[in-house]
Q: 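The structure under discussion is supplied below as C-alpha cells; questions concerning it will follow.
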Amino acid sequence: MRFRFTETVIDTMQARSELLDPGAGGYASFEGWVRDHNEGQQVVGLEYEAFQELAVKEGERIVAEALLRFPVKHALCIHRVGALGLSDMAVWVGVSSAHRGEAFDACRFIIDEVKYRVPIWKKEHYRSGDSGWVNCERCAAAPEDAHDRGRDHEHHDGAAVLTVRE
Amino acid sequence: MQLKIHYYALMREQAGRSEETLDTFADTPADLYRELLARYGFTLSSEQLKVAVNNEFSDWSRPLKEGDAVVFIPPVAGG
C-alpha cells in the first residue's frame with residue numbers, strides 16, 4: 001500500500017525504510033504538523049476523520065500518478081486520523097529517486113493532490129472554546145470559496161502567466 | 001428502494017448519525033441530496049459537495065439501485 005492511514009504516531013523511520021532502493025541516491029520527505037493558528041484563530045487541537053474506503057483508493061491513485069509523472073523509485077504517503085495535539089505529525093510523504101530534483105517535485109505533487117482530492121476532514125478546536133470543520137463552516141456562508149482552497153499553487157501559476165503576458 | 005447512506009464530518013454532526021438505511025424514491029444522488037437536505041437542514045449545498053456511490057466517485061445523475069451505498073463528500077481538508 002502506497003497510501004495508508006494510522007491512528008497512532010507516524011513511524012517515519014519505518015516509512016523511510018520502505019523507500020530504500022539500490023538505485024536511489026536520496027529521498028525527499030514532507031511532514032505536515034498541527035499548527036497553533038489558522039485564519040486568525042488560536043488552534044489548540046485537531047481531529048481528522050476520513051472516508052477511508054474511498055480515501056485509500058484516491059490516495060493510491062495520486063501516488064501512482066506521481067510515479068508515472070516523475071522518474072522516481074518509490075513513494076509513500078501516511079495520514080493520521082483521530083485526535084492530534086499541537087506539533088503532532090498529521091501527514092508524511094516520502095519519495096526516493098536517483099536524483100534529488102524529481103524527489104522534491106514528486107513529494108510536492110503528492111501532498112498538494114492529497115490536500116485537494118482525498119476525502120479527509122479536519123475539525124479544529126480553538127482557544128476560544130469554539131470548533132469548526134475546516135473549509136466547511138465558512139464556505140457554507142461563502143460557497144464561491146469552497147473548492148478553491150488547497151489549490152493556491154494553481155492561482156500562483158495563473159498569476160505568473162499574467163505577469164509574463166504583461 | 002433501500003439505500004445505505006454514510007455521513008462524515010460536518011454532515012455527520014448535522015444529521016446526528018454516521019449512517020442509516022433509507023427507504024426512498026430518489027432516482028439519483030441529486031434527488032437523494034434534495035430529500036436529505038429537507039430532512040436534516042444541511043448547510044452545504046450540492047454545488048459544494050462531491051458524491052460517492054459504492055466507494056467510488058460518482059456523477060450526480062447516476063441512476064441509483066437497490067442497496068447502493070451513498071456518501072456525500074463535503075469540501076476536504078487533509079494534510
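Scope of the values below: all heavy atoms of this structure, side chains included, with no hydrogens, waters or symmetry mates. Computed from a predicted model, the values in this text were never measured in an experiment. To find a chain, count down the sequence lines: A is the first, B the second, and so on, and within it residues start at 1.
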Q: In this structure, would B:W60 and B:V70 fall into the same cluster of hydrophobic residues linked by side-chain contacts under 4.5 Å?
A: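 As far as the 4.5 Å side-chain criterion goes, B:V70 and B:W60 are connected within one cluster.
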Q: Drop me the distance from B:Q48's CD to A:N135's CG, to the nearest 0.5 angstrom.
A: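 Spacing of CD (B:Q48) from CG (A:N135) equals 10.5 Å.
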Q: Taking side chain as everything from C-beta outward and backbone as N, CA, C, O, which of these in A:A50 sits under 4.5 Å from a heavy atom of chain B? Side chain, backbone, both or neither.
A: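 The backbone, not the side chain.
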Q: Can you say whether A:K57 sits under 4.5 Å from chain B via the side chain, the backbone, both, or neither, judging by heavy atoms?
A: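 Contact with chain B involves the side chain of A:K57 alone.
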Q: To the nearest 0.5 Å, tell me how far B:Y8 OH sits from A:I120 CD1.
A: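 So the gap between those two atoms works out to 12.0 Å.
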Q: Give, for atom CG of B:L10 and atom NZ of A:K123, the distance between the pair rounded to the nearest 0.5 Å.
A: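 Reported value, rounded in 0.5 Å steps: 8.5 Å.
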Q: Check this for me: B:E66, atom CD, are more than 12 non-hydrogen atoms of other residues, nucleotides or ligands nearer than 6.0 Å?
A: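 Yes, enclosed.
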Q: Is any residue of residues 12-22 of chain A within less than 4.5 Å of chain B by heavy atoms, and which ones?
A: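 No residue falls under the 4.5 Å cut-off.
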Q: Minimum heavy-atom separation for B:G79 to A:I111, with atom names?
A: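 Residues B:G79 and A:I111, closest heavy atoms: CA-CD1, 4.5 Å.
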Q: Taking CZ in B:R17 as the centre, count heavy atoms belonging to other residues, nucleotides or ligands within less than 6.0 Å. Is the count above 12?
A: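 Yes, CZ of B:R17 has more than 12 neighbouring heavy atoms, counting only those of other groups under 6.0 Å.
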Q: Does the structure place the NZ or CZ of B:K50 under 6.0 Å from the centre of the six-membered ring of A:Y116, at an angle of no more than 45° from the ring's axis?
A: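 Relative to the ring axis of A:Y116, which defines the angle, B:K50 lies inside both limits.
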Q: Among the clusters formed by ILVMFWY side chains lying less than 4.5 Å apart, do A:F5 and A:L76 turn up in the same one?
A: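 No; A:L76 is not reachable from A:F5 via cluster members.
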Q: Group every Ile, Leu, Val, Met, Phe, Trp and Tyr by side-chain heavy-atom contacts under 4.5 Å, then state whether A:V118 and A:M89 land in the same group.
A: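 Hydrophobic grouping puts A:V118 apart from A:M89.
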Q: Any chance you could measure A:E137, atom CD, to B:L44, atom CG, to the nearest 0.5 Å?
A: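 The CD atom of A:E137 sits 8.5 Å away from the CG atom of B:L44.
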Q: Does a sphere of radius 6.0 Å around CZ in A:F104 hold more than 12 heavy atoms from other residues, nucleotides or ligands, not counting ones at 6.0 Å or beyond?
A: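 At most 12 heavy atoms, drawn from other residues, nucleotides or ligands, come within 6.0 Å of this atom.
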Q: Salt-bridged, B:E56 to A:R61, with N to O below 4.0 Å?
A: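 Salt bridge between B:E56 and A:R61, a charged N being under 4.0 Å from a carboxylate O: yes.
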Q: With respect to chain B, which residue among A:F51, A:W92, A:W33 yields the maximal number of heavy-atom pairs within a distance under 4.5 Å?
A: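 Max contact count across the listed options: A:F51.
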Q: For residues A:V93 and A:I78: do they belong to one hydrophobic cluster (side chain heavy atoms under 4.5 Å, members Ile, Leu, Val, Met, Phe, Trp, Tyr)?
A: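 No; A:I78 is not reachable from A:V93 via cluster members.
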Q: If you round to the nearest 0.5 Å, how far is CE of B:M11 from CH2 of A:W133?
A: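 The CH2 atom of A:W133 sits 12.5 Å away from the CE atom of B:M11.
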Q: Can you name the closest pair of heavy atoms from A:L54 and B:N55 and give their distance?
A: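 Reported closest heavy-atom pair: CD1-O, 3.5 Å.
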Q: Among the options A:G132, A:P119, A:G32, pick out the one with the most heavy-atom pairs lying under 4.5 Å from chain B.
A: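 The residue among A:G132, A:P119, A:G32 with the greatest pair count is A:P119.
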Q: Please state whether the side chain, the backbone, both or neither of B:F42 comes within less than 4.5 Å of a heavy atom of chain A.
A: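 Contact with chain A is absent: no heavy atom of B:F42 under 4.5 Å.
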Q: Please report the interatomic distance SG(A:C136) to CD(B:Q14), rounded to the nearest 0.5 Å.
A: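 Rounded to the nearest 0.5 Å, the SG-CD separation comes to 9.0 Å.
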Q: Under 4.5 Å between side-chain heavy atoms, hopping through other hydrophobics if needed: is there a path connecting B:V51 to B:L64?
A: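 Same hydrophobic cluster.
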Q: Heavy-atom cut-off 4.5 Å, strictly under: side chain, backbone, both or neither for A:E58 against chain B?
A: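 Contact with chain B is through the side chain of A:E58 alone.
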